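First up is the structure itself, then whatever we jot down about it.
Residue indices begin at 1 and follow the sequence shown. This one's a predicted model, so the numbers in the text were calculated from it and none came from an experiment.
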Amino acid sequence: MFETLLVIFTILYSVQLILFSLSVRFVRYAADASYRPSVSVVIAARNEESNIHSCLNSLMCLDYPPDLLEIIIVDDQSQDGTSRVVNNFSRKGAKIRNITAQKGGRNLQGKANALAQGIDVAKGEILMFTDADCTVASTWVSDTVKYFADESIGIVAGYTFLRARGVFQSIQSLDWFFLVTVAAATIGLRFPVTAVGTNFSVRRKAYDAVGGYDNITFSVTEDYSLFHAITTRTKFAACLPCEEATLVESEACSTVSQLFRQKLRWFRGGRDMSLSKLLLYSLSYAFHSFLCVALFSQYWSAVSTALLLKLSSDFILLYPTLKTFKKGTMIKFFPIFELYYSLYILIFPILIILGPPIRWKDREFF
């Protein structure tokens with residue numbers, strides 16, 4: 001019976017991954033490169049003195065018409081020199097608006113509160129978000145907004161590359177490519193699950209249609225909560241193109257404890273998913289659970305087949321994406337990524353059930 005279940009879950013997992021890979025490779029979205037709406041880039045920054053200079057430098061190099069672009073930095077009550085760095089840019093003539101977030105209400109806590117206050121003063125038809133430790137390509141805005149030419153599109157998300165300076169950062173980078181590719185695939189299959197806030201854009205009409213962050217139940221993953229609200233409560237659709245011109249670069253976690261807190265926050269945010277979306281991710285958990293138990297059994301033939309199919313399916317999903325973004329050499333870290341991915345898929349759902357507090361940016365959320 002156990003061997004049969006392992007075979008069934010292996011087949012389901014492999015078919016799911018191959019379907020995801022086909023979705024990303026073949027789904028195409030309508031785009032108009034001449035489309036030029038007004039854009040507000042809104043960034044929440046908390047204690048980012050050491051990172052935000054690079055972020056602002058990249059924003060100053062955007063190729064979008066200056067009269068259609070505004071940049072709003074919301075200082076989320078930083079305790080370092082974040083505001084000083086931003087103000088220095090403003091004094092040099094950069095068109096950057098720097099505001100300080102005030103305490104928000106019940107649904108407005110942490111980053112969601114800072115973003116909401118930035119959006120309140122934003123004038124753009126399109127709202128674009130990234131993080132203060134990120135840098136963007138000069139084409140980031142122009143090649144993102146072209147997808148909003150389709151009036152049915154309310155969200156355009158994109159990929160984020162974590163700068164890889166060693167093995168620890170490289171496996172995180174592969175993980176992000178893997179997870180965003182899954183997100184892109186589900187969106188392409190018209191079963192949108194999530195997107196990542198480091199590269200996330202929203203039509204202002206779509207944001208207003210759900211009442212903004214004020215009317216969205218607070219979540220430690222504010223990007224997911226906004227994505228979920230728009231894709232479930234409005235008629236607006238999402239798209240996530242696999243396109244190098246919209247790639248954002250970010251810093252990987254530098255320590256195991258930082259990575260642990262990040263994963264814990266992501267998995268906690270995932271508790272708010274609908275049952276159908278939780279079931280989609282539950283398949284991966286069930287397969288990895290059966291495979292883990294099978295490693296200590298006598299079913300070596302089934303285990304060998306399951307491992308081979310898992311590695312092949314994961315590779316088929318990941319490698320074409322790496323090639324698209326000219327990161328194909330990172331595939332050398334694939335074996336250690338597989339171990340890392342399999343371990344956290346098994347561990348974190350259990351931790352979430354235990355309910356530890358989430359600590360992020362020196363704040364605790366329960």
Side-chain angles (χ1 to χ4, degrees), residues 2-25 157 159 171-196 221 224 227-228 240 259-260 262-297 299 302-322 331 333-354:
F2 179 85
E3 187 176 14
T4 301
L5 288 174
L6 176 61
V7 170
I8 291 172
F9 278 114
T10 300
I11 293 172
L12 290 174
Y13 178 83
S14 300
V15 169
Q16 183 187 69
L17 267 288
I18 292 171
L19 180 62
F20 286 168
S21 180
L22 292 173
S23 171
V24 173
R25 299 284 77 79
Y159 278 76
I171 59 174
Q172 292 178 63
S173 191
L174 288 183
D175 189 37
W176 277 53
F177 273 125
F178 189 90
L179 296 177
V180 177
T181 300
V182 170
T186 59
I187 290 172
L189 292 169
R190 299 185 180 182
F191 187 71
V193 175
T194 191
V196 181
T221 50
Y224 166 74
F227 179 92
H228 176 73
L240 203 169
L259 180 59
F260 178 85
Q262 181 189 75
K263 287 295 183 187
L264 198 63
R265 183 172 65 94
W266 285 3
F267 274 81
R268 173 68 67 84
R271 294 194 312 183
D272 300 327
M273 287 184 178
S274 64
L275 179 60
S276 60
K277 293 173 182 177
L278 282 173
L279 287 174
L280 183 145
Y281 284 105
S282 295
L283 172 58
S284 179
Y285 178 77
F287 165 68
H288 283 89
S289 297
F290 271 91
L291 183 57
C292 181
V293 173
L295 290 173
F296 302 94
S297 72
Y299 305 117
V303 170
S304 299
T305 301
L307 279 171
L308 179 61
L309 286 174
K310 168 185 161 49
L311 293 172
S312 299
S313 302
D314 290 352
F315 184 90
I316 288 170
L317 180 76
L318 182 59
Y319 186 61
T321 298
L322 294 178
I331 201 64
F333 298 104
F334 181 71
I336 192 169
F337 157 72
E338 282 292 300
L339 177 61
Y340 161 78
Y341 175 71
S342 299
L343 286 174
Y344 84 68
I345 282 292
L346 292 172
I347 293 171
F348 279 92
I350 297 172
L351 292 177
I352 292 303
I353 293 173
L354 298 176

Checking [X] now: which residues fulfil side chain to side chain donor-acceptor pair (under 3.5 Å) with it, not counting sequence neighbours?
X: S276; result: S274
X: T221; result: S219
X: K263; result: D175, Y344

Interatomic distance, [X] atom [atom1] to [Y] atom [atom2] [nearest 0.5 angstrom]:
X: I331; Y: L322; atom1: CD1; atom2: CG; result: 5.0 Å
X: F178; Y: L317; atom1: CZ; atom2: CG; result: 5.0 Å
X: I345; Y: Y285; atom1: CD1; atom2: OH; result: 10.0 Å
X: L351; Y: L346; atom1: CG; atom2: CG; result: 11.5 Å
X: L17; Y: S312; atom1: CG; atom2: OG; result: 10.5 Å
X: T321; Y: I316; atom1: OG1; atom2: CD1; result: 12.0 Å

Beyond-backbone contact of [X] with [Y], side-chain heavy atoms, under 4.5 angstrom:
X: Y159; Y: L240; result: yes
X: T305; Y: T10; result: no
X: V7; Y: F290; result: no

(request) Determine the interplanar angle of the F334 and F315 rings, folded into 0 to 90°, and report it as parallel if under 30°, tilted if 30 to 60°, perpendicular if over 60°. (result)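 Plane angle over 60°, so perpendicular.
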(request) Using a cut-off of 6.0 Å, state whether more than 12 heavy atoms not belonging to L311 lie near its atom CG. (result)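 Correct, the count exceeds 12.
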(message) Filter on salt bridge (Lys or Arg N to Asp or Glu O under 4.0 Å), then keep only pairs touching residues 7-22, sequence neighbours left out; what's left?
(response)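 Every pair satisfying salt bridge (Lys or Arg N to Asp or Glu O under 4.0 Å) with a residue in residues 7-22: there are none.
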(message) Please list all pairs meeting salt bridge (Lys or Arg N to Asp or Glu O under 4.0 Å) that have one or both residues in residues 282-293, counting only residues at least two apart or in different chains.
(response)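 Those involving residues 282-293 do not exist here.
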(request) Measure centre to centre between the rings of Y341 and F337, then say whether the value is under 6.0 Å. (result)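 Yes - the distance between ring centres of Y341 and F337 falls below the 6.0 Å cut-off.
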Can you list the residues that meet the ring-ring contact (aromatic ring centres under 6.0 Å, His included) rule with [X], with sequence neighbours excluded?
X: Y13; answer: F287, H288
X: F227; answer: none
X: F348; answer: F260, F267

(request) Only counting residues at least two apart or in another chain, list the ones meeting side chain to side chain contact (heavy atoms under 4.5 Å, CB included) with L307. (result)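 Result, side chain to side chain contact (heavy atoms under 4.5 Å, CB included) vs L307: L291, L295, V303.
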(message) Restricting to side chain to side chain contact (heavy atoms under 4.5 Å, CB included), what partner residues turn up for T194, sequence neighbours left out?
(response)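 Expected list: A183, Y224, Y281.
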(request) Return the minimal non-hydrogen interatomic distance between V196 and V180, and the atom names on each side. (result)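 Looking at all heavy atoms of both residues, the shortest contact is CG2-CG2, 4.0 Å.
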(request) Name all residues meeting the salt bridge (Lys or Arg N to Asp or Glu O under 4.0 Å) criterion together with K310; count only those two or more places apart in sequence or in a different chain, and write none if there are none. (result)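 Checked K310 against salt bridge (Lys or Arg N to Asp or Glu O under 4.0 Å); matches are D314, E338.
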(message) Show me the pairs that pass side chain to side chain donor-acceptor pair (under 3.5 Å) and involve residues 14-25, at least two apart or across chains.
(response)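 Residue pairs passing side chain to side chain donor-acceptor pair (under 3.5 Å), neighbours aside: S14-S313.
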